[in-house]
K.L.:
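One structure, pasted below without further comment.
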Amino acid sequence: MLGGSHFFSKYVGLRYYGDIKISYNKFANNSNQTIWARHGTGLDLLVNFVATQKNEKSHRFGVFAGLYAGILNLSATTNKDFGFGNVNLAANAGLRMDMGRFGLEFASQIPLVKSTHSAIIFDDFINVENPNLGANIKSNSTRAQNFNLNARLIIRF
C-alpha cells in the first residue's frame, strides 16, 4: 500500500492510496484453495477520537471508512484453473492508531461486487493423449472473495 493523507482538522481527514494485494482463500464447501492477486486504489475518511501533539510527535486514535476500487488480475485454484480481469469494488472500515511516524490499523474489507469470470483448465489446454483437443472453457464460473480482516503497520516518510 502506498499513498498519502490530508487532515482538514485534528479530527477529520482523507487518505488516498494504491495497493497490490495477494491473498489466499480456502472455501468451506469444497476442497479448492484459491490465490487472488489484484491491484487498485482507495479513498478513506479518517476520524480521530483522540489527537494530541507533543514535541513534534502526534498521537491519534480513531476509525476509518471508505471505498476501494480495483482490478482482480488473477485468481487460480489448486485444481489448475484460473481466471482474470474482473472489477473489484469494496467497502473498507477499521480502527487506527498513530504514534509519530508509525501507525497500526485493524481493517476489514467487504466486497460489494461479486467476481464472475470464465475459467480455463490447464490439464485440458495441453492434452498429451489427444493433441487435437483445445482448452476447456467453463463459462460464468463464479468465484466470490468474502470479506477479509487484516492488521497493517504504517510507516510515514
Side-chain angles (χ1 to χ4, degrees), residues 1-51 58-122 125 135-157:
M1 206 167 140
L2 184 63
S5 61
H6 176 76
F7 278 87
F8 304 109
S9 70
K10 280 172 57 171
Y11 298 101
V12 178
L14 285 178
R15 171 175 53 196
Y16 43 91
Y17 60 90
D19 74 349
I20 297 173
K21 191 177 288 188
I22 298 173
S23 60
Y24 170 82
N25 298 88
K26 183 172 181 179
F27 298 105
N29 59 351
N30 68 36
S31 62
N32 290 333
Q33 299 164 351
T34 304
I35 297 172
W36 304 83
R38 65 182 186 183
H39 70 282
T41 60
L43 180 66
D44 294 335
L45 175 67
L46 308 172
V47 178
N48 293 324
F49 300 129
V50 176
S58 63
H59 299 280
R60 297 178 182 142
F61 176 75
V63 294
F64 67 91
L67 288 176
Y68 174 87
I71 300 292
L72 176 65
N73 286 342
L74 174 68
S75 66
T77 65
T78 54
N79 70 352
K80 301 179 182 175
D81 67 333
F82 76 98
F84 55 90
N86 298 302
V87 173
N88 185 13
L89 182 63
N92 297 323
L95 295 173
R96 57 188 299 276
M97 179 174 52
D98 290 338
M99 297 164 288
R101 288 186 52 212
F102 299 98
L104 180 64
E105 290 185 350
F106 297 99
S108 64
Q109 190 172 66
I110 301 169
L112 301 175
V113 175
K114 191 176 275 192
S115 178
T116 305
H117 56 79
S118 297
I120 298 173
I121 299 176
F122 283 123
F125 190 69
N136 180 15
I137 308 266
K138 294 189 274 182
S139 63
N140 283 338
S141 172
T142 302
R143 289 193 191 129
Q145 187 173 19
N146 294 327
F147 73 92
N148 62 53
L149 301 172
N150 56 54
R152 298 188 275 229
L153 175 65
I154 298 172
I155 302 171
R156 289 177 188 72
F157 297 100

K.L.:
Side-chain contact test, heavy atoms from C-beta onward, threshold under 4.5 Å: evaluate it for Leu45 versus Leu14 and give yes or no.
P.N.:
yes

K.L.:
Is there side-chain contact between Phe64 and Leu95, with heavy atoms separated by less than 4.5 Å?
P.N.:
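Phe64 does not reach Leu95 side chain to side chain.
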
K.L.:
Please list all pairs meeting side chain to side chain donor-acceptor pair (under 3.5 Å) that have one or both residues in residues 58-67, counting only residues at least two apart or in different chains.
P.N.:
none

K.L.:
Quick one: list whatever passes side-chain hydrogen bond (donor to acceptor under 3.5 Å, both in side chains) with Tyr11, sequence neighbours left out.
P.N.:
none

K.L.:
Per the salt bridge (Lys or Arg N to Asp or Glu O under 4.0 Å) rule, what does the pair list look like for residues 62-72, sequence neighbours excluded?
P.N.:
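Residue pairs passing salt bridge (Lys or Arg N to Asp or Glu O under 4.0 Å), neighbours aside: none found.
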
K.L.:
Please report the interatomic distance CG(Leu2) to CZ(Phe157), rounded to the nearest 0.5 Å.
P.N.:
8.5 Å

K.L.:
So for atom CG, which belongs to Leu104, do other residues, nucleotides or ligands contribute more than 12 heavy atoms lying within a distance under 6.0 Å?
P.N.:
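More than 12 heavy atoms, drawn from other residues, nucleotides or ligands, come within 6.0 Å of this atom.
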
K.L.:
Taking only residues two or more places apart in sequence, or in another chain, which ones meet Leu89 in a side chain to side chain contact (heavy atoms under 4.5 Å, CB included)?
P.N.:
Ala69, Leu112, Val113

K.L.:
Taking only residues two or more places apart in sequence, or in another chain, which ones meet Phe8 in a ring-ring contact (aromatic ring centres under 6.0 Å, His included)?
P.N.:
His6

K.L.:
Taking Asn92 as the fixed residue, which of Gln109, Glu105, Arg15 is the one that meets the side-chain hydrogen bond (donor to acceptor under 3.5 Å, both in side chains) rule?
P.N.:
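Per the side-chain hydrogen bond (donor to acceptor under 3.5 Å, both in side chains) rule, the option paired with Asn92 is Gln109, out of Gln109, Glu105, Arg15.
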
K.L.:
How far apart are the closest heavy atoms of Arg152 and Ala107, and which atoms are they?
P.N.:
NH2-CB, 3.3 Å

K.L.:
Suppose we screen for side-chain hydrogen bond (donor to acceptor under 3.5 Å, both in side chains). Which residues come up paired with Asp98, at least two apart in sequence or across chains?
P.N.:
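For Asp98, the residues satisfying side-chain hydrogen bond (donor to acceptor under 3.5 Å, both in side chains) (neighbours in sequence not counted) are Arg96, Arg156.
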
K.L.:
Scan side-chain atoms only and decide if Tyr68 and Asp19 contain a donor-acceptor pair under the 3.5 Å cut-off.
P.N.:
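There is such a pair (donor and acceptor under 3.5 Å, judged by atom type) between the side chains of Tyr68 and Asp19.
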
K.L.:
Under the side chain to side chain contact (heavy atoms under 4.5 Å, CB included) test, which residues partner Thr41, sequence neighbours left out?
P.N.:
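By the side chain to side chain contact (heavy atoms under 4.5 Å, CB included) rule, Thr41 matches no residue at all.
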
K.L.:
With side-chain contact (heavy atoms from CB on, under 4.5 Å) as the test, would you mind laying out the steps for Phe7 and Val12 before giving the verdict?
P.N.:
CA-CA 6 Å; Phe7 278 87; Val12 178; 5.9 Å; no

K.L.:
Which atom names give the shortest non-hydrogen contact between Leu46 and Ser5, and what distance separates them?
P.N.:
CD1-CB, 4.2 Å

K.L.:
Could you check if a side-chain atom of Tyr17 sits within less than 4.5 angstrom of a side-chain atom of Leu43, using non-hydrogen atoms only?
P.N.:
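Of all side-chain heavy-atom pairs linking Leu43 with Tyr17, none is under 4.5 Å.
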
K.L.:
Hey, mind stepping through Phe106 and Asn150 against side-chain contact (heavy atoms from CB on, under 4.5 Å) and telling me if it holds?
P.N.:
CA-CA 6 Å; Phe106 297 99; Asn150 56 54; over 6 Å; no

K.L.:
Holding to salt bridge (charged side-chain N to carboxylate O under 4.0 Å, His left out), I want the full list of residues that pass it with Arg101, two or more places apart in sequence or in another chain.
P.N.:
none

K.L.:
Please enumerate all residues that pass side chain to side chain contact (heavy atoms under 4.5 Å, CB included) together with Phe102, with sequence neighbours excluded.
P.N.:
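With sequence neighbours excluded, Phe102 shows a side chain to side chain contact (heavy atoms under 4.5 Å, CB included) to Ile155, given in chain and number order.
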
K.L.:
With sequence neighbours left out, write down each residue that passes side chain to side chain contact (heavy atoms under 4.5 Å, CB included) with Leu149, or none if nothing qualifies.
P.N.:
Ser108, Phe147

